[in-house]
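The block underneath contains the structure these notes are about, expressed in structure tokens.
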Amino acid sequence: MQEYLITAKVLGTGLSVILLLVGVMNFVNTMVVNVNTRRYELAVLESIGMTKRQIKRMLFMEGFYYWGVSLSLAVTIGTAIFILLYMIFSKVAYYAVFFYPFIPLVLVSGLVLLICLIVPIWVYKTDVNLPVVERLRLTE
């Protein structure tokens with residue numbers, strides 16, 4: 001029985017890591033496309049007086065917003081699904097014990113927060129190598 005539980009934990013952790021990586025890659029792709037499609041808009045904002053620092057702060061706040069929405073969904077809908085799966089599994093396996101994974105949730109949400117705050121700024125920095133006039137001319 002102990003070997004079965006270890007195998008189940010390893011498979012569950014592996015599946016969770018794969019889903020996390022897919023989600024992170026999806027987020028990075030979304031932010032790259034978002035900044036690239038808004039290249040002209042960001043150049044216009046900069047040309048009328050918005051500083052690069054303000055644009056970075058705006059992108060930073062967008063990343064924070066994405067993190068807040070994803071954490072809210074994970075805590076509400078994810079918890080409901082988690083409890084539903086436990087109720088189904090406990091009818092099959094009498095030894096099932098419910099515990100909420102607070103520490104993994106905090107660790108993963110911290111990692112996701114870091115990614116959500118760094119990626120938009122990083123994408124913007126790689127995109128703004130040219131002066132504003134050149135960026136406006138390229139996107140027209």
Go through the structure and list residues passing side chain to side chain donor-acceptor pair (under 3.5 Å) with Tyr66, not counting sequence neighbours.
none
Are more than 12 heavy atoms from other residues, nucleotides or ligands located less than 6.0 Å from atom OH of Tyr65?
no
Cluster partners of Val92, using ILVMFWY side-chain heavy atoms under 4.5 angstrom, listed by chain and number?
none
Applying a strict under-4.5 Å side-chain criterion to I, L, V, M, F, W and Y, I'd like to know whether Val32 and Leu114 cluster together.
no
Would a hydrophobic clustering, with Ile, Leu, Val, Met, Phe, Trp and Tyr connected at side-chain separations under 4.5 Å, put Ile118 with Ile115?
no
Those residues at least two apart in sequence (or on a different chain) that pass side chain to side chain donor-acceptor pair (under 3.5 Å) with Glu62 are Arg38
Ignoring hydrogens and angles, write down the donor-acceptor pairs under 3.5 Å from the side chains of residues 11-31, residues two or more places apart or on other chains.
from	atom 1	to	atom 2	distance (Å)
Thr13	OG1	Lys9	O	2.8
Ser16	OG	Gly12	O	2.9
Thr30	OG1	Asn26	O	2.8

Enumerate the side chain to side chain donor-acceptor pair (under 3.5 Å) contacts for residues 108-121, please, sequence neighbours excluded, ordered by first and then second residue.
none
Please list all pairs passing the ring pair (Phe, Tyr, Trp, His ring centres under 6.0 Å) test where one or both residues lie in residues 112-137, with sequence neighbours left out.
none
Quick check on the hydrophobic clustering: are Phe98 and Leu105 connected, directly or via other members, by side-chain heavy-atom contacts under 4.5 Å?
yes
Partners meeting side chain to side chain contact (heavy atoms under 4.5 Å, CB included) with Ile121 (sequence neighbours left out)
Lys56, Leu59, Phe60, Lys125
Counterpart residues, side chain to side chain contact (heavy atoms under 4.5 Å, CB included), relative to Phe89 (two or more places apart)
Ala93, Tyr95, Ala96
Which pairs pass salt bridge (Lys or Arg N to Asp or Glu O under 4.0 Å) with one or both residues in residues 24-34, sequence neighbours excluded?
none
Smallest separation among heavy atoms of Pro120 and Gly63, with atom names:
CG-CA, 4.3 Å
Name each donor-acceptor pair under 3.5 Å that joins a side chain in residues 72-88 to protein atoms two or more places apart or in another chain, with its distance.
from	atom 1	to	atom 2	distance (Å)
Ser72	OG	Gly68	O	2.8
Thr76	OG1	Ser72	O	2.7
Thr79	OG1	Val75	O	2.4
Thr79	OG1	Tyr100	OH	2.8

Apply ring pair (Phe, Tyr, Trp, His ring centres under 6.0 Å) to Phe64 and list each qualifying residue two or more places apart in sequence or on a separate chain.
Trp67
Same cluster for Val33 and Tyr40 if Ile/Leu/Val/Met/Phe/Trp/Tyr side chains link at under 4.5 Å?
no
Suppose we screen for side chain to side chain contact (heavy atoms under 4.5 Å, CB included). Which residues come up paired with Met50, at least two apart in sequence or across chains?
Leu45, Gln54, Ile55, Met58
